Protein chains: 4
Amino acid sequence: MGRKSLAPVRRAEILKHFYEVLVKEGIEGASIARIAKHMGVYPGHITHYFKNKEEMLIELVESLMKEYAEQLIPQWEKIQDPGKRIHKILDMVFSVDWAEFFNNRVFFACFYLSLSNRKIHSLINQAYERFFRILTDEIENCIKPGISDKVDTAAIADMMIVQMEGISIYNIILRDKQRIEAASRMAKEIVLDLLNIDTG
Amino acid sequence: MGRKSLAPVRRAEILKHFYEVLVKEGIEGASIARIAKHMGVYPGHITHYFKNKEEMLIELVESLMKEYAEQLIPQWEKIQDPGKRIHKILDMVFSVDWAEFFNNRVFFACFYLSLSNRKIHSLINQAYERFFRILTDEIENCIKPGISDKVDTAAIADMMIVQMEGISIYNIILRDKQRIEAASRMAKEIVLDLLNIDTG
Amino acid sequence: MGRKSLAPVRRAEILKHFYEVLVKEGIEGASIARIAKHMGVYPGHITHYFKNKEEMLIELVESLMKEYAEQLIPQWEKIQDPGKRIHKILDMVFSVDWAEFFNNRVFFACFYLSLSNRKIHSLINQAYERFFRILTDEIENCIKPGISDKVDTAAIADMMIVQMEGISIYNIILRDKQRIEAASRMAKEIVLDLLNIDTG
Amino acid sequence: MGRKSLAPVRRAEILKHFYEVLVKEGIEGASIARIAKHMGVYPGHITHYFKNKEEMLIELVESLMKEYAEQLIPQWEKIQDPGKRIHKILDMVFSVDWAEFFNNRVFFACFYLSLSNRKIHSLINQAYERFFRILTDEIENCIKPGISDKVDTAAIADMMIVQMEGISIYNIILRDKQRIEAASRMAKEIVLDLLNIDTG
DNA sequence: GATGAATGAGTGTTCATTCAT
DNA sequence: GATGAATGAACACTCATTCAT
């Protein structure tokens with residue numbers, strides 16, 4: 001038998017360092033040479049595990065999108081009461097913290113690249129569609145008991161994402177916590193209103 | 001009197017080509033060498049007029065933000081009736097076309113760079129604050145005649161921008177015209193509702 | 001007795017793939033990595049069986065020269081009549097097909113390398129000396145019965161090789177079948193003339 | 001006015017160093033980095049004047065083929081007597097010195113590359129066609145006065161080139177001056193015979 | 001004012017080879 | 001015997017920038 005494959009481990013290591021360099025230096029600074037130096041290895045080490053930079057990039061986006069999903073749901077899955085649950089979700093999604101839950105440097109690097117790279121776009125698209133489905137499920141759950149009805153579940157889920165993203169960008173542009181928090185509260189009320197839930 | 005300086009003209013020319021290369025090749029492809037080739041000059045020509053790339057970049061963002069503002073207001077300034085006017089504004093801001101009014105490649109390149117460049121961030125921030133003021137003015141205008149009152153003008157303006165940006169991003173991610181148009185309509189209704197204006 | 005060594009088999013396999021890559025990609029493309037990929041193994045596999053690239057190269061030249069000789073003689077060994085035999089040899093050696101019997105890409109790669117590598121030069125030299133001896137033997141054979149005499153056997157053999165090689169190169173340069181065929185016919189007549197054999 | 005263009009000068013300089021490195025290190029060693037080091041400049045200097053390596057290579061082949069032609073004709077153009085002239089040409093073409101007039105390392109590098117590069121092949125082909133025309137002209141010249149007639153001029157010119165090339169290759173393979181000189185003499189006699197000229 | 005030569009560090013990628021399992 | 005991780009240098013080429021004319 002030959003030597004056992006370290007590829008999955010090494011690839012994960014490389015992606016970790018890639019992420020860190022991306023955070024520190026931005027996409028324009030995240031060169032293979034720089035990542036290698038940050039790892040303390042030679043550039044050849046990286047291209048040994050990823051046949052080229054694009055492959056590495058795509059794998060990073062893939063892993064990030066997966067990780068995001070994993071960190072998402074656990075936050076509210078322990079809450080049983082549908083009413084409290086939807087409140088929790090809205091609090092999270094429209095919070096400033098949430099807007100900074102993802103590293104902006106990394107997220108918008110990926111987002112920007114999705115404008116010209118079909119694969120990256122597809123990965124991000126899938127992640128959002130998954131998130132969309134989670135939201136529709138949650139909305140449906142809180143309607144059943146009669147808390148709200150006659151609502152266009154899908155439209156509201158889309159609206160939640162729209163507002164979430166809008167707050168995220170506007171937060172970056174304004175850097176004004178008070179205004180962003182006010183907007184977040186208003187967004188929450190709007191959604192609750194759409195759901196016919198008492199805003200209190 | 002001496003010869004008139006050609007610098008402003010040349011700088012504008014360079015920025016035009018910079019913009020075009022940015023659209024075609026993205027920020028990673030918009031190198032000085034590439035812009036020079038696109039112009040049919042030597043790289044030295046560009047660095048002769050801009051002391052370095054950052055200066056050129058900032059000037060581009062500056063001119064873009066200025067241009068955006070100039071193309072904005074004219075669109076509704078001829079409409080006298082305050083009610084129709086606010087409808088027009090909302091139709092514009094929440095339309096898919098509007099979301100693609102700015103070249104995404106260019107806008108998000110600038111936006112991404114604003115994450116690490118204070119000057120660029122400041123320029124974008126100022127542009128949005130200007131837009132914010134325009135919106136508050138318009139909202140106030142349409143309230144005065146009694147069409148709506150008791151509203152937090154600033155909060156609504158912020159909310160409009162949040163939704164506008166959210167739609168813009170979500171449009172890029174989804175690439176689903178129907179859903180985006182539905183979200184746009186809903187966003188408009190929400191704002192009209194906040195303004196206590198009949199949605200019809 | 002232990003397990004039988006697979007080394008000779010593996011080495012032959014590697015050389016086969018080396019040859020194929022050489023044909024397809026030329027000497028500059030025949031890297032160990034590329035050969036390994038073509039085989040579906042790791043580069044280490046190759047350097048495990050050949051201590052370095054030069055060794056592999058030399059072994060390839062060796063095997064090629066051997067193979068050439070093996071494919072050569074059988075072509076005319078069944079012909080008994082000395083006259084017909086020499087005609088057959090000349091027809092073969094001066095034919096366009098013969099000029100393309102060896103893969104040019106491979107042959108001239110080896111030939112080029114022989115300019116700087118003594119071992120490769122020596123191997124090629126030996127092959128040609130062997131061929132030279134075959135030719136002198138054949139010439140002598142066809143003289144004995146009185147078909148021709150008073151000829152400088154060695155000189156004619158050399159001349160045959162000279163013309164054969166000249167046709168080979170000129171064929172590559174011209175890519176003009178008619179002219180090459182004409183030259184081949186003329187070369188044959190010249191040799192027959194040197195051998196005092198009736199050209200017909 | 002800007003700075004005056006040094007491009008032709010620099011390009012020629014680079015080609016000179018390229019040639020020298022090619023002679024010393026072979027095609028595999030003639031990397032841009034190595035040529036740059038040999039010149040005492042940075043690699044960027046070279047790619048500033050040649051957009052890529054292929055362009056540089058083709059320009060080298062072009063200049064070599066041109067140079068060959070220029071050094072060729074002068075050698076016999078002063079000889080008036082057609083008989084002596086043709087003797088001189090044959091002496092030259094079939095001499096060992098002639099076979100080494102061109103640097104073999106360089107010539108066969110180019111020749112090898114012509115197997116896969118159309119442009120290089122075309123340049124070499126053109127050079128040989130030019131040489132072919134020179135030879136036919138010379139042959140015709142020496143026939144007119146009645147020295148020889150009823151000969152296929154073109155076929156003999158081709159034959160001369162075939163033998164010249166054959167001697168060149170065989171010289172490299174054998175490295176046996178005596179045999180090559182003997183072959184050269186014999187080649188000369190053959191051609192004179194074809195021309196119906198007394199071999200003396 | 002304008003051109004273009006020159007610099008020197010950088011890019012992603014591939015190389016032959018060695019070492020550990 | 002065989003596999004594959006790891007090395008370190010090299011590759012062709014591009015970069016932003018400076019300098020000389």
Side-chain angles (χ1 to χ4, degrees), chain A residues 1-7 9-10 28-36 39-56, chain B residues 2-7 9-10 28-37 41-56, chain C residues 2-7 9-10 28-37 41-56, chain D residues 1-7 9-10 28-37 40-56:
Chain A
M1 282 301 296
R3 188 164 171 175
K4 91 173 166 206
S5 176
L6 289 174
V9 183
R10 291 281 172 270
E28 67 279 11
S31 70
I32 289 184
R34 215 109 73 159
I35 298 163
M39 284 187 77
V41 300
Y42 278 80
H45 181 86
I46 290 175
T47 35
H48 178 69
Y49 288 101
F50 293 97
K51 76 169 197 283
N52 55 36
K53 203 182 179 181
E54 204 208 344
E55 190 185 293
M56 186 169 67
Chain B
R3 164 167 185 184
K4 195 166 68 180
S5 171
L6 286 173
V9 182
R10 294 275 174 271
E28 66 279 13
S31 69
I32 289 184
R34 212 109 72 161
I35 299 163
K37 184 170 282 177
V41 300
Y42 273 76
H45 180 86
I46 292 174
T47 37
H48 180 68
Y49 288 101
F50 293 97
K51 80 169 197 285
N52 56 34
K53 202 181 180 181
E54 204 208 343
E55 189 185 296
M56 186 169 66
Chain C
R3 167 169 184 185
K4 195 166 69 180
S5 171
L6 285 173
V9 182
R10 294 276 175 270
E28 68 279 11
S31 69
I32 289 185
R34 212 109 70 162
I35 299 163
K37 183 169 282 178
V41 300
Y42 274 76
H45 180 86
I46 291 173
T47 37
H48 180 68
Y49 287 101
F50 294 97
K51 79 169 198 285
N52 56 35
K53 202 182 179 182
E54 205 208 342
E55 189 185 297
M56 185 169 67
Chain D
M1 283 300 297
R3 187 164 171 176
K4 90 174 167 203
S5 176
L6 289 175
V9 182
R10 291 282 172 269
E28 67 279 12
S31 71
I32 288 182
R34 215 109 74 158
I35 298 163
K37 183 170 279 179
V41 299
Y42 278 80
H45 179 86
I46 291 174
T47 33
H48 178 68
Y49 288 101
F50 294 97
K51 75 170 198 284
N52 56 37
K53 204 182 178 183
E54 204 208 343
E55 189 185 294
M56 185 168 68

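Each chain gets a letter, A, B and so on, in the order its sequence line appears, and its residues count up from 1. Bear in mind that the values here come from a model prediction, so they are computed numbers and not experimental data.
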Atom CE of Met56(A) to atom P of dT11(E): distance rounded to whole Å?
-> 12 Å
5'-most by nearest nucleotide on DNA chain F - Ala30(B) or Arg10(A) | Arg10(A)
Rounded distance (Å) that lies between atom P of dG12(E) and atom CD of Glu28(A) = 12 Å
Work out which heavy atom in Ala36(A) is nearest to a heavy atom in Pro43(A); give both atom names and the distance.
-> CB-N, 3.7 Å
Taking the side chain of Tyr42(B) as heavy atoms from C-beta outward, which of dG4(E), dG8(F), dC15(F) is closest to it?
-> dG4(E)
Please figure out whether Ser31(A) or Tyr49(B) has its closest DNA chain E nucleotide nearer the 5' end.
-> Tyr49(B)
Rounded to whole angstroms, how far apart are NZ on Lys37(C) and C1' on dC15(E)?
-> 13 Å
Starting from P on dT11(E), measure out to CD1 on Ile46(A) and report it in whole angstrom.
-> 11 Å
Could you check if a side-chain atom of Lys53(B) sits within less than 4.5 angstrom of a side-chain atom of Met56(B), using non-hydrogen atoms only?
-> yes
Integer-rounded Å distance: dA5(F) C1' and Met39(A) CE = 12 Å
Using a cut-off of less than 4.0 Å, is there contact between a side-chain N or O of His45(C) and OP1 or OP2 of dT3(F)?
-> yes
Ile35(A) CD1 to dG12(E) C1': how many Å, rounded?
-> 11 Å
All stems that DNA chain F takes part in, i.e. 3 or more consecutive Watson-Crick or G-U pairs with distances under 3.5 Å, are E:2-21 with F:2-21
Which listed nucleotide (dC15(F), dT7(E), dC11(F)) is nearest to the side chain of Arg34(D)?
-> dC11(F)
How many angstroms lie between atom OH of Tyr49(C) and atom CD1 of Ile46(C), to the nearest 0.5 angstrom?
-> 11.5 Å
Pairs under 3.5 Å (N/O, protein and nucleotides 17-20 of chain F):
from    : atom 1 : to       : atom 2 : distance (Å)
dT17(F) : OP2    : Lys53(B) : N      : 2.8

Of the nucleotides dG1(E), dC15(E), dT11(E), which has the atom closest to the Ala33(A) side chain?
-> dT11(E)
Name the nucleic acid region contacted by Phe50(D), choosing base, sugar-phosphate or nothing; use a 4.0 angstrom heavy-atom cut-off, strictly under.
-> nothing
Closest non-hydrogen atom pair between Arg34(A) and Glu28(A), with its separation | NH2-O, 4.3 Å
Separation between CD of Glu55(A) and OG1 of Thr47(A), rounded to the nearest 0.5 Å | 11.0 Å
Between dT3(F) (P) and Leu6(A) (CG): distance, integer Å | 17 Å
